[in-house]
Amino acid sequence: MPDWQEWVGREMRARDVLGPRLAAQWCATFDRAAPPDTAMPQGIHLCLCAPDARTGDLAPDGHPVRDDDMTSFLPPVPLPRRMWASSAMRFHAPVTIGAAIERTSRVASVTPKSGSRGEMVFVEVDHETRADGVLAVSERQSIVYLEGLAPDAPLSPPETDGGSFDPAGWDAHREVLPDERLLFRYSALTFNTHRIHYDAPYAQRVERYRGLVVHGPLSTSLLLQLAGAHFGENRLASFTFRGVSPAICGEPLHLVLRGTGEDIEMGAFAADGRQVVKASATLA
């Protein structure tokens, strides 16, 4: 398999404006009141500078087609399944309503690997988001490409016969039920056309998930909001998450955190106790 090292260092710039309409739609999606001032809660950057590929340029999975054209930002990895594996974010300044946004993205590494899941390729991308010229968020995102699955492969995650999540021992706990309406609205906010989030037959038959998959950034947004409710808005200096297992639409999701200062542990768990997201954070 090629190593695609010629893609390392490629950059892409995108511009946006955090207008009142997007701010209001973000708040409505999460059943939140408008912020008391112009500073939006942490996580809004995930909905800015969304991809704008034409419909005719989308692959069967809904992601933009990848090719070996010199203008292509991401390498043309032929593996068909793509997931947002992890991110490490640093928050430098709040993003305010009305701000002009510029995001610079750079391919930091492309790493082919082999493992129990077959051939894989990890692509790390560094993003810098500026609001009115001021650095607001820096982030390293890790994308993983995986081999396709056989039509009779077991559905993921597997059904369990029992088990439950116990929030004892955590300082804050919130249970949410991500349903089709929430997934649709989050896809709309981020202009995300990956079919695992809205096309149940595709998610089950092609990518072999048990149902529609909750977006990794959606789980991240919910965890950031838990931190905002517990510590106060725009208090985090850093946030790191790693996807452990798929969260399935229509199934309860338990969001938790404990600790403070430089040692905050966070996570998302399914109702049966299966961990969905591992995360950590620090306070500014």
Side-chain angles (χ1 to χ4, degrees), residues 42-43 45-47 63 74 77 79 81-91 105-127 129 137-147 156-158 165 167 169-174 176 178 183 186 190 192 194 196-197 207 209-210 213-228 230 236-249 251-259 262-283:
Q42 289 171 328
H45 74 284
L46 296 169
C47 301
H63 283 302
L74 292 174
V77 178
L79 302 176
R81 301 172 64 223
R82 169 179 165 176
M83 289 185 285
W84 189 328
S86 64
S87 273
M89 306 173 186
R90 294 201 64 84
F91 299 101
S105 303
R106 178 182 179 274
V107 178
S109 67
V110 182
T111 309
K113 293 184 178 181
S114 297
S116 59
R117 303 171 81 173
E119 297 294 323
M120 299 178 287
V121 176
F122 288 84
V123 179
E124 290 189 320
V125 180
D126 289 335
H127 301 288
T129 301
V137 185
S138 54
E139 175 181 6
R140 172 159 288 190
Q141 174 190 2
S142 181
I143 304 166
V144 59
Y145 297 92
L146 302 168
E147 291 183 355
S156 176
F165 176 72
W170 295 91
D171 298 338
H173 168 238
R174 179 189 175 199
V176 299
L183 268 63
Y186 197 79
T190 56
N192 184 342
H194 194 185
I196 63 172
H197 303 306
E207 301 215 17
Y209 291 109
R210 198 171 69 229
V213 179
V214 179
H215 316 61
L218 173 53
S219 297
T220 295
S221 296
L222 292 168
L223 284 170
L224 289 171
Q225 290 175 53
L226 179 71
H230 188 70
L236 295 188
S238 68
F239 178 83
T240 301
F241 83 90
R242 178 170 64 88
V244 178
S245 180
I248 300 301
C249 176
E251 299 181 4
L253 193 60
H254 295 268
L255 312 168
V256 290
L257 69 76
R258 58 189 168 201
E262 296 291 317
D263 188 20
I264 303 170
E265 179 184 0
M266 304 182 71
F269 294 82
D272 61 7
R274 169 177 52 87
Q275 188 155 22
V276 171
V277 175
K278 286 186 177 181
S280 61
T282 62
L283 290 177

### Task
Could you pull out the closest heavy-atom pair between His230 and Asp171, with the gap in Å?
CE1-O, 4.0 Å

### Query
Parallel, tilted or perpendicular: which describes the rings of Trp84 and Phe241, with under 30° parallel and over 60° perpendicular?
tilted

### Task
Answer whether the closest heavy-atom distance between the side chains of Val110 and Val123 falls below 4.5 Å.
yes

#### Entry: Non-hydrogen atoms of Gly43 and Leu224 that approach each other most closely
CA-CD1, 3.7 Å

### Shortest non-hydrogen contact from Leu46 toward Pro217
CD1-O, 3.9 Å

### Query
Could you state the interatomic distance from CD (Glu262) to OG (Ser280), rounded to the nearest 0.5 Å?
10.5 Å

### Query
Hey, are the side chains of Phe239 and Thr220 touching, using non-hydrogen atoms and a 4.5 Å cut-off?
yes

### Query
Got Asp126 and Ser138 here, is their nearest side-chain heavy-atom distance under 4.5 Å?
no

### Query
Which heavy atom in Leu223 sits nearest to a heavy atom in Ala279, and how many Å separate them?
CD1-CB, 4.3 Å

### Task
Drop me the distance from Leu218's CG to Cys47's SG, to the nearest 0.5 angstrom.
9.0 Å

## Note on the structure
What one should report as the nearest heavy-atom pair of Val277 and Gln275 is O-NE2, 3.1 Å

### Query
Parallel, tilted or perpendicular for His215 and His197, by the 30°/60° rule?
parallel

### Query
Rounded to the nearest 0.5 Å, what separation is found between the CE atom of Met89 and the OG1 atom of Thr240?
8.5 Å

### side-chain hydrogen bond (donor to acceptor under 3.5 Å, both in side chains) partner of Ser87, chosen from His127, Glu139, Arg140, Arg242
Glu139

### Query
Side-chain contact, heavy-atom cut-off 4.5 Å: Val214 with Glu251?
no

### Task
With sequence neighbours left out, write down each residue that passes side-chain contact (heavy atoms from CB on, under 4.5 Å) with Ala227, or none if nothing qualifies.
Phe231, Leu236, Leu257, Met266

## Note on the structure
All heavy atoms of Val276 vs all of Leu253, minimum pair found to be CG2-CD1, 4.1 Å

### Query
Taking the six-membered ring for Trp, are Phe269 and Phe165 parallel (under 30°), tilted (30 to 60°) or perpendicular (over 60°)?
parallel

### Message
Restricting to side-chain contact (heavy atoms from CB on, under 4.5 Å), what partner residues turn up for Gln225, sequence neighbours left out?
### Response
Trp26, Phe30, Arg32, Ser221

### Task
Side-chain contact test, heavy atoms from C-beta onward, threshold under 4.5 Å: evaluate it for Ile264 versus Thr282 and give yes or no.
no

### Task
Assess whether side chain to side chain contact (heavy atoms under 4.5 Å, CB included) is satisfied between Tyr186 and Leu222, documenting all intermediate values.
CA-CA 11 Å; Tyr186 197 79; Leu222 292 168; over 6 Å; no

### Query
Say you draw a straight line from CG of Asp263 to CZ of Arg258; how long is it, rounded to the nearest 0.5 Å?
10.0 Å

### Message
How long is the straight-line distance from CG of Leu283 back to CZ of Phe91, given to the nearest 0.5 Å?
### Response
12.0 Å

### Message
Using a 3.5 Å distance criterion without hydrogens, assess whether the side chain of Arg274 forms a donor-acceptor pair with backbone atoms of Val244.
### Response
no

### Query
Does any donor atom in the side chain of Glu119 or Ser114 lie under 3.5 Å from an acceptor atom in the other side chain?
yes

### Task
Name all residues meeting the side-chain contact (heavy atoms from CB on, under 4.5 Å) criterion together with Ser142; count only those two or more places apart in sequence or in a different chain, and write none if there are none.
Ala85, Ser86, Phe122, Glu124

